[in-house]
Every structure is written in structure tokens, then in C-alpha cells.
Amino acid sequence: MKPLLDTFGRVADDMRISVTDRCNFRCTYCMPEEGLRWLPRAELLTFEEIARLAGIFMSLGVKTIRLTGGEPLVRRDVEQLVAMLGAQGVPDLSMTTNGFHLAAKAQALADAGLRRINVSVDSLLRHRFAEMTRRDALGKVIEGLRAAEEAGLAPIKLNCVVIRGTNDDEVCDFARFARDTGYQVRFIEYMPLDADETWEMKRVMPSDDVLAAIGAVYPLEPVDHGPEPATVYRFADGAPGGVGVIPSVTQPFCSNCNRIRVTSDGQFRTCLFALEETDLRSLLRGGATNEDIAAEIRGAVDRKWAGHSIGAPDFVRPSRSMSMIGG
Ligand code: SAM
Ligand code: SF4
């Protein structure tokens, strides 16, 4: 079949599938302290439904599937889903997790066919980690990172949301951590997708400032890589590890965006900030054929917009926040 080409010439071949809206953390930039109203279980796609959709998306040229949430490791037996997707031959299968359950799950995930993992860590200081995630769990997450390494999940990438005035003083400590461990730390700009709706532009730490702060201590060299939102750098002195930045707010990569998403309740989104969703779950449960579903997906990709306008007066927040979409 032809690839998923939109009217701006972008090919969608990289997808995020959310496996749950639930989470055991309450990161301040994502969820309210009391959590959100979780979706009833019957509304979540089953593993069989997710696997069927994955097959359809792969037939449309999707090469990369990342499982996310909410927190994917709180979905019971998620390693079974990994095995089902692995058996379907997903070329690049990975997961983004907060790492809390990784110590217990890393080996099972690797055995099921997971190749790589991204773990979110916003501070290397115990008290600040606890403040930002509202869970005193840094030790547990570090234990999870070691387990992931032992299980051979590589490369290990860390996701760090940098918030000005909160953890921006730690970017060089993260770079040192990358050099010590060989991990790649990816600094993400804070986006207006927090459920509390307290996001402000002045709290966004621009990626250029992150790179300047690190480069002054550890000179960096850009790494050539294919189309991906992160710009990646190695250490000029040849130290292991590396850093990357995802400047979604200050330098949006919309014109090269190859991403699409399916929420845990089966809604197809062509942009993190999309205001339109396509209800694939109703099609799956209503007897649609794979061809019918593929046609709906093509139609939605055809309608994909040029990009978001964060910070502009006409910017409209999507009704779902980050954990409900699947970041
Ligand atoms: N629970 C998992 C985790 O935290 O890694 C997976 C889901 S989480 C929504 C995916 C990524 O989105 C995490 O790296 C998280 O830090 C990031 N994220 C959440 N809210 C964000 C926001 N408002 N701006 C930027 N990144 C955000
Ligand atoms: Fe949970 Fe991830 Fe959101 Fe933190 S960022 S509250 S870990 S879904």
C-alpha cells in the first residue's frame, strides 16, 4: 500500500500507542495531584484490538511503534502486548515509562521483544524529583534504569522536561550523568498540555539555552540522524552518552513531523495538539474491515494540519491533557 502521505508532503511512519490513561505518578506539568477521572476499562482498547490496529498501520508504512500512556507499566500484563506486537514484526518497538515498575518488568519486557526504552527523569535530586512527580521515587527509578541496562534494553534514553525556575539548574548535572552512564538525555520543552492549565511561556526553558549551558562545560558536536524531533549531540571529547533537545515550543518541528497517535480509548490523532480525533474503536467494534479502517486513517492523515501555534493568540489547547493523549 502507499505510505501515509499528507497534503504537506510529510509521511507518517512513526506512531505512539497509549495503552492506558492511568498513572502512578502525578507530575506537576502533566496531571493534577488528585489524578484524573480514569476511563472505564471497557473503553480501553484490548491487546487484540491494539495488535490489529498495529497491523493495519504497518500495512500503511508505519515503521516505529512506541507504547506510552499514562504509565504503560501500570497496564496489567503489558509485556503480553509487547510480545504480540513483536510477533507481528514491528520494525522498531519501544516504550516510554516513568520507570517506577522497570526494576520488576525490564527482563520480561526484553524477553517479550522490546528493544529500547525511554525513561522520564526530571531531577537527579531526591527532594526535587519528589516535588516534580509528587512521588518520592528517584531511587526506584534509578534501580529500574540499571535493570533495563542488565536486560539489554539499549540505547537507554532519558526524557527530562526542563522548567525554568524549577530544574533548569540541573542540565549540566544531567549531561554529567549521561557521560557517566552512556545514556542519552533528551531535554523536552514544557508544553501547554498540563491538566492543571498553569503552563506559561515564561516557564519554558528554550532548548538553545539548555545547549548553551551544557556546551560551556562539555563541548558538544551535532550527530547526523534521520528525521526525528530531537536534535542529538555527542560530547566533543569522545565521552560516552549524549544529549538531545526537543524544542517543540521555541522551534516547532511541524514541517517535518512524521508522527501519529492512538489514544488508549482508540482515538486516532495526527498531532499532539490536534483538535480533531478519528474514532477507530467504534470501527474496530462495529465490524469494519481492515480496508475500511485504513481508509479512515488515510482520510485523517490527509486532513492533518500544517502545525500547531503554541504561544500565538489563536492557539487552542486540545481538550485532553498529555496523559490522556499519550506523550
Ligand atoms: N508515564 C510515562 C512517562 O512519564 O514517561 C509515559 C507518558 S508521559 C505523558 C510521556 C512524556 O511526556 C514524558 O517524558 C513526560 O515527561 C512528557 N510530558 C508530560 N507532560 C508534559 C508537558 N506538559 N510538556 C512536555 N512534556 C510533557
Ligand atoms: Fe504520569 Fe508520565 Fe504524566 Fe508523569 S508524565 S504524570 S509519569 S503520565
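Just the heavy atoms: all of them, side chains too, but no hydrogens, waters or symmetry mates, feed the values below. Just so you know, ligand 1 is whichever comes first in the structure, and atom 1 is the first atom listed for that ligand. The structure presented is a predicted model; accordingly, all values stated were derived computationally and were not measured.
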**Request:** Answer yes or no for C30: is there an N/O/S atom below the 2.8 Å cut-off from atom 3 (Fe) of ligand 2?
**Result:** yes

From the candidates [options], the one that places a heavy atom nearest [atom]:
| atom | options | result |
| --- | --- | --- |
| atom 7 (C) of ligand 1 | G327, G70, S18 | G70 |
| atom 22 (C) of ligand 1 | K157, M191, M324 | M191 |
| atom 2 (C) of ligand 1 | M322, E71, R66, R16 | E71 |
| atom 15 (C) of ligand 1 | F25, Y29, W199 | Y29 |

**Request:** For D224, look at atom CG and say whether over 12 heavy atoms of other residues, nucleotides or ligands are found less than 6.0 Å away.
**Result:**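 At most 12 heavy atoms, drawn from other residues, nucleotides or ligands, come within 6.0 Å of this atom.
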
**Message:** Does R285, at its CZ atom, have more than 12 non-hydrogen atoms belonging to other residues, nucleotides or ligands within less than 6.0 Å?
**Reply:**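 Above 12, so yes.
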
**Asked** Under 4.0 Å from any heavy atom of G69, which atoms of ligand 1 are there?
**Response** 7 (C), 9 (C)

**Message:** At less than 4.0 angstrom from any non-hydrogen atom of N98, what atoms of ligand 1 do you find?
**Reply:**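 Reading through ligand 1 atom by atom, the close ones are 2 (C), 3 (C), 5 (O).
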
**Asked** Which bit of C23 gets closer than 4.0 Å to ligand 2, counting heavy atoms only: side chain, backbone, both or neither?
**Response**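 C23 to ligand 2: side-chain contact only, backbone stays beyond 4.0 Å.
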
**Message:** Using only atom types and a distance under 3.5 Å, with no angle test, would you say the side chain of R134 pairs donor to acceptor with the backbone of M31?
**Reply:**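 It does hold such a pair.
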
**Request:** Report the C-alpha distance between R37 and D21 in whole Å, list the side-chain angles of each, state the deciding distance to 0.1 Å, and finish with yes or no for salt bridge (charged side-chain N to carboxylate O under 4.0 Å, His left out).
**Result:** CA-CA 9 Å; R37 198 145 48 84; D21 58 322; over 6 Å; no

**Request:** For atom 4 (Fe) of ligand 2, find the nearest protein heavy atom and state the residue, atom name and distance (0.1 Å precision).
**Result:**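 Checked against all protein heavy atoms, atom 4 (Fe) of ligand 2 sits closest to C27 SG, 2.3 Å.
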
**Asked** Under a 4.0 Å heavy-atom limit, does T97 contact ligand 1 with its side chain, its backbone, both, or neither?
**Response**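 Near ligand 1, T97 shows its backbone, while the atoms from C-beta on stay back.
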
**Item:** For ligand 1, the portion of T68 having any non-hydrogen atom under 4.0 Å away
**Value:** side chain

